[in-house]
Amino acid sequence: MFDILEMAPPDAILGLTEAFKSDSNPDKVNLSVGVYKDAAGGTPILECVKASERQILESEESKTYVNPNSGTPQYTQAVRALLFGKDHDLVDGGRAITAHTPGGTGALRVAGDYLHLLHGGATLWLSNPTWANHAGVFKAAGMQTNTYPYFDATSNVITVEKMIDKIKTIPSGDVVLLHGCCHNPTGADLTLQQWTTVAETLKARQLVPLIDFAYQGFAVGIEEDAAGLRIVCELCPEVMICSSFSKNFGLYNERVGALTVVAESSATAAKVLSHIKRCIRTNYSNPPAHGSAIVSTVLGDCQLRQQWIQEVEQMRNRINTTRQQFADSLTNAGVNLSNQGNAFITEQNGMFSFSGLSKDQVGALRERYAVYVVGDGRINVAGLTEANIPFVSNAIAQVVGA
Ligand code: LMR
């Protein structure tokens, strides 16, 4: 059974961190996995998280299963309030149901299992490019995947006309994955006008949008970053949303996320939830409780919530300052990563910069300088610090021959 196996290829993102850990170069820099680092290069626990954990430690009375296995009302309501805005009709349930999942990836997988179970013929359409793990997650759930054009890497712009033209050809009943904000890997987001056009096209074609929402608060702000998703939910009768709290709560290893489904009626939503609970039960049975307790404690407490908003703002501001420093440093090192210079780095949203570096250049960065970047050229700007920016810029200058 096991003898015949070849080694599986390393994961396009996580495999790089494994390689980084065993790299003995003292100057090594990990700009691969999407993890926020502070100015000192650490990934600290947010203060609001620490405070909520102290409260949980004092008040927690049991480690019994989360019941229902789709999550507690405190958590699922808090998730919907973040998505739709606290006074929105969808927050109290009815047409929208939410299932607590292990991380955003867990939400994507439960969505894939649900779609495969009940709509086995549906294809999932992904932006080109997209997160390196998207296709794998949906294929593992048994779904077919395909792509729509999204981004022109030479001019660093979203190819929205091509995207719409493609969507117009997708058969009704298929599912189209959109990135809620901070598109991974390009950092290039739709304008609100473009969101409206995309949502109208999806509605006209009777396509179901599935919004991957892993970076709320990292582009402009908590409310602002949900604006595109809210447009889609106004216009389209059925929507699926996968939330992650890995980045905006820094809860990477607690695995806390959620799948929210907006249906046409509350009766339909209740049926959807019953099937989602079945998908959860036959996969991992119950979600892990600790991360969701942190999120619902922080969001349910005025002071902690305010502190969280400020801490997300601090992370966002640091990333934006770092973007500017990185762009300036590249320019000083004589590097122009696009034919328009390096300004695009400051215009992209979220943690990532889609640098335009080729696969060979990415390979040379790793082999010659121990600078780890994802194979498609995606750089985690949040991994740069004042201390390592000059080294990274010079390494890039060497590999691009500037
Ligand atoms: C990333 O894109 O680097 C993150 O979402 C982490 C991951 O699991 O790949």
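Atoms within a ligand are numbered from 1 in the order they appear, just like the ligands themselves.
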Practice problem: Looking only at protein heavy atoms, identify the closest one to atom 8 (O) of ligand 1 and say how far it is in Å. | Solution: Trp131 CZ2, 3.6 Å

Practice problem: Run the numbers for me: atoms of ligand 1, each under 4.0 Å from some heavy atom of Tyr215, listed by number. | Solution: 5 (O)

Quiz item: Side chain, backbone, both or neither: which part of Tyr252 comes within less than 4.0 Å of ligand 1 when only heavy atoms are counted?
Solution: neither

Quiz item: Should the pair His134 and Phe138 be assigned to parallel (<30°), tilted (30 to 60°) or perpendicular (>60°) ring geometry?
Solution: tilted

Exercise. Would you check the N or O atoms of Ser32, main chain and side chain alike, for any that come under 3.5 Å of an N or O of ligand 1?
Key: no

Self-check item: Output field: ring centroids His183/Phe151 closer than 6.0 Å
Solution: no

Quiz item: In the protein, what heavy atom is nearest to atom 5 (O) of ligand 1, and what distance, to one decimal place, separates them?
Solution: Lys247 NZ, 3.1 Å

Quiz item: Is Asn133 near ligand 1, meaning one of its heavy atoms is under 4.0 Å from it?
Solution: no

Exercise. Give a yes/no on ligand 1: does Arg378 have at least one heavy atom closer than 4.0 angstrom to it?
Key: yes

Self-check item: Mutual orientation of the aromatic rings belonging to Tyr36 and Phe218 [parallel < 30°, tilted 30-60°, perpendicular > 60°]
Solution: perpendicular

Exercise. Can you figure out which of Gly34, Ser244, Pro185 has its heavy atom closest to atom 3 (O) of ligand 1?
Key: Gly34

Quiz prompt | Tyr369 vs Val399, side chain to side chain contact (heavy atoms under 4.5 Å, CB included): CA-CA, chis, key distance, verdict | solution = CA-CA 10 Å; Tyr369 301 95; Val399 303; 4.0 Å; yes

Quiz item: Which bit of Asn184 is near ligand 1, meaning a heavy atom under 4.0 Å away: side chain, backbone, both or neither?
Solution: side chain

Practice problem: Carefully, step by step, assess Asn133 and Ile13 under the rule side chain to side chain contact (heavy atoms under 4.5 Å, CB included). | Solution: CA-CA 8 Å; Asn133 200 27; Ile13 296 174; 6.0 Å; no

Quiz prompt | Within 6.0 Å of CZ in Arg368, more than 12 heavy atoms from elsewhere | solution = yes

Quiz item: What atoms of ligand 1 come closer than 4.0 angstrom to any heavy atom of Val33?
Solution: 3 (O), 6 (C)

Quiz item: Hey, is Ile13 touching ligand 1 through its side chain, its backbone, both or neither, going by heavy atoms under 4.0 Å?
Solution: side chain

Exercise. Quick one: sort the Phe84 and His88 rings into parallel, tilted or perpendicular, breaks at 30° and 60°.
Key: tilted

Exercise. Go through the steps for Arg378 and Asn184 under the test side chain to side chain contact (heavy atoms under 4.5 Å, CB included), then give the verdict.
Key: CA-CA 9 Å; Arg378 188 194 80 173; Asn184 181 0; 2.7 Å; yes

